[in-house]
Amino acid sequence: MLRISELKLPLDHTPEALADAVAGFLKAPADDVHGFTVFKRSYDARKGVMSLVYIIDVDVANEDKLFARFKGDRRVMPTPDTNYYYVGQAPAELKQRPVVVGFGPCGIFAALILAQMGFKPIVLERGKEVRQRTKDTWGLWRKSELNTESNVQYGEGGAGTFSDGKLYSQIKDPRHLGRKVLTEFVKAGAPEEILYLARPHIGTFRLVSMVENMRAEIIELGGEIRFEQRVDDLILDGDRVRGVKLADGGEVLSDHVVLALGHSARDTFQMLEKRGVYMEAKPFSVGVRIEHPQSLIDAARWGKYAGHPLLGAADYKLVHHASNGRAVYSFCMCPGGTVVAATSEEKRVVTNGMSQYSRNERNANSGFVVSISPEVDYPGGPLAGLDFQRELESKAYELGGGDYFAPAQLLGDFMAGKASTQLGEVEPSYKPGVTMTDLTRILPDFCVEAMREAIPHFARQIRGYDLHDAVLTGLETRTSSPLRITRGDDGQSLNVKGLFPAGEGAGYAGGILSAGVDGIKVAEAVAKAMLGR
Ligand code: FAD
């Protein structure tokens, strides 16, 4: 197969036009082109003209001649092999079973790949199965009732289940493991388009049934998923893990334990520190969610093409390097979505964002966050970042007035240094509700300074971004893990053999796709260790 990149066509082109463009580009007779598939489709909106840009894999006659003709043209290359190859297969007589703690994207992929290789993993997940968990999560949003073991952070599907389901990442992926993740998602019910859209998303509802389908496959292959099983301790034998202890007093023995905990498992991080597992503090970011009318973002990004069905609701990505040395950036932007209450701890308020596949809610929301680092902002050991988060989240709860209401402020008032007392044209989507106030009372000064500096820069890229009535809701504190559970090249903890830290909580992923990819990597590391390689 031959791959063509940068093939540009007008937004409203016909399917035939694409076939003609392929044959035309190659200057090959139409009969020589036996078929082609779209590997990626993205947009180019430069110079006010919206085009679709394709990467196409073509099955064509006389490939060698074509490669010779296009020698030196970086738009033409052999199609890389993106198939996934297992690193091994469990022997039928193998008695040992690996344990996977956590059933978010990382734990799901670790368990799935292990199961596909015949290792029959046992998954221990503290939260509930996804449908029950959905009810509990709505309990917080509708009735201010938080279930500390079943919520936006904990339960089947992990943190990204109630999300926009964005499925792209900037990780280096020379082995095309992201492709394996997307292929498994399609097998589990995701739309095929996620395989070729440059910035795919699936929204919340589809994620729920996909997670159930992946659970079913793991079980069919001999794995087990045990819900409401919180791991509270490790069973150690010198520098080796021999299993885990559960909150209900039970034990599960295994010499191979994957920790796919997510960034909110603070009690588990504390237990790991007590047990002496090597960890180190790492940088993350804090700030607020910002909401604009989606129509404003569409008009700024798509211009006259706003509303075109192929484009959908527009997203954005913004960065500003502030003069106080901080990076200010948009985080986890959700077009046509809602701001969600994302705490897992009582009397704390944390924001995040989600949307449905249709992305047709009135507002666009995004994290509007500032980088922080352990050296400057929370010195004092691997768990200091947790304390920093907790303090901000408690302050947000108090400023919100209790009952999990979030503190909010109009952007214009934030810029002018005054408290907000009423809403303007943008109705905030956060549930159970917001209290209009002054967010600068709880945000660190360096954040406020950097955010105020960033807004005019952002408004130059997205016209209207500095809208007076845009709503800031806070606080956004869980942008990534505040620590890393460091592992070696063999995927194992630096000082506890048999313990495989993975995913976002261990500091090795940020987002659904990268957590899934890390799940595959850790499954491979476990398989190699179990096969004695
Ligand atoms: P998690 O998904 O956090 O899963 C960890 C699991 O471990 C949880 O289910 C937890 O219950 C379980 N666990 C923790 N401790 C224990 C224990 N002691 N015993 C047993 N089980 C335990 N990313 C994107 O790429 N796109 C998005 O659109 C997106 N939107 C998001 C929206 C929201 C509201 C949130 C909260 C996150 C969003 N993210 C998004 C981030 C994404 O969800 C995470 O990066 C991803 O889920 C990390 O995967 P993980 O498997 O490493 O951890």
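As a basis for the values below, the full set of heavy atoms in this structure was taken, side chains included, without hydrogen atoms, waters or symmetry mates. Atoms within each ligand, like the ligands themselves, are counted from 1 in listed order. Note that the structure is predicted; figures quoted are calculated from it, not measured.
Scanning both residues, Gly511 and Glu504, for their nearest heavy atoms gives N-OE1, 3.7 Å.
Residue contacts with ligand 1 for Ala260 involve N, CA, C or O but no side-chain atom from C-beta outward (heavy atoms, distance under 4.0 Å). With a 4.0 Å cut-off on non-hydrogen atoms, Thr268 touches ligand 1 through its side chain and not its backbone.
With no hydrogens or angles considered, no side-chain donor-acceptor pair links Ser330 and Tyr316 at under 3.5 Å.
Judged as a side chain to side chain donor-acceptor pair (under 3.5 Å), and not counting sequence neighbours, Asp239 has no contacts.
Counting the atoms of ligand 1 from 1 in the order shown, those under 4.0 Å from a heavy atom of Leu124 are 20 (C), 21 (N). Annotation for ligand 1: atoms under 4.0 Å from non-hydrogen atoms of Gly503 are 52 (O). In summary, the atoms of ligand 1 found under 4.0 Å from a heavy atom of Ala265, numbered by their order in the structure, are 14 (C), 15 (N).
Partner of Phe109 under the ring-ring contact (aromatic ring centres under 6.0 Å, His included) criterion, chosen from Tyr84, Phe103, Phe185: Phe185.
The nearest heavy-atom contact from the protein to atom 14 (C) of ligand 1 is Leu261 O, 3.2 Å.
Annotation: Ile512 places an N or O atom under 3.5 Å from an N or O atom of ligand 1; distance criterion only.
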In sequence, state the C-alpha distance, the side-chain angles, and the governing distance for Glu391 and Lys395, and then conclude on salt bridge (charged side-chain N to carboxylate O under 4.0 Å, His left out).
CA-CA 6 Å; Glu391 194 186 326; Lys395 284 182 181 170; 3.4 Å; yes

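Scanning Gly337, Gly353, Gly160 for the heavy atom closest to atom 47 (O) of ligand 1 points to Gly160.
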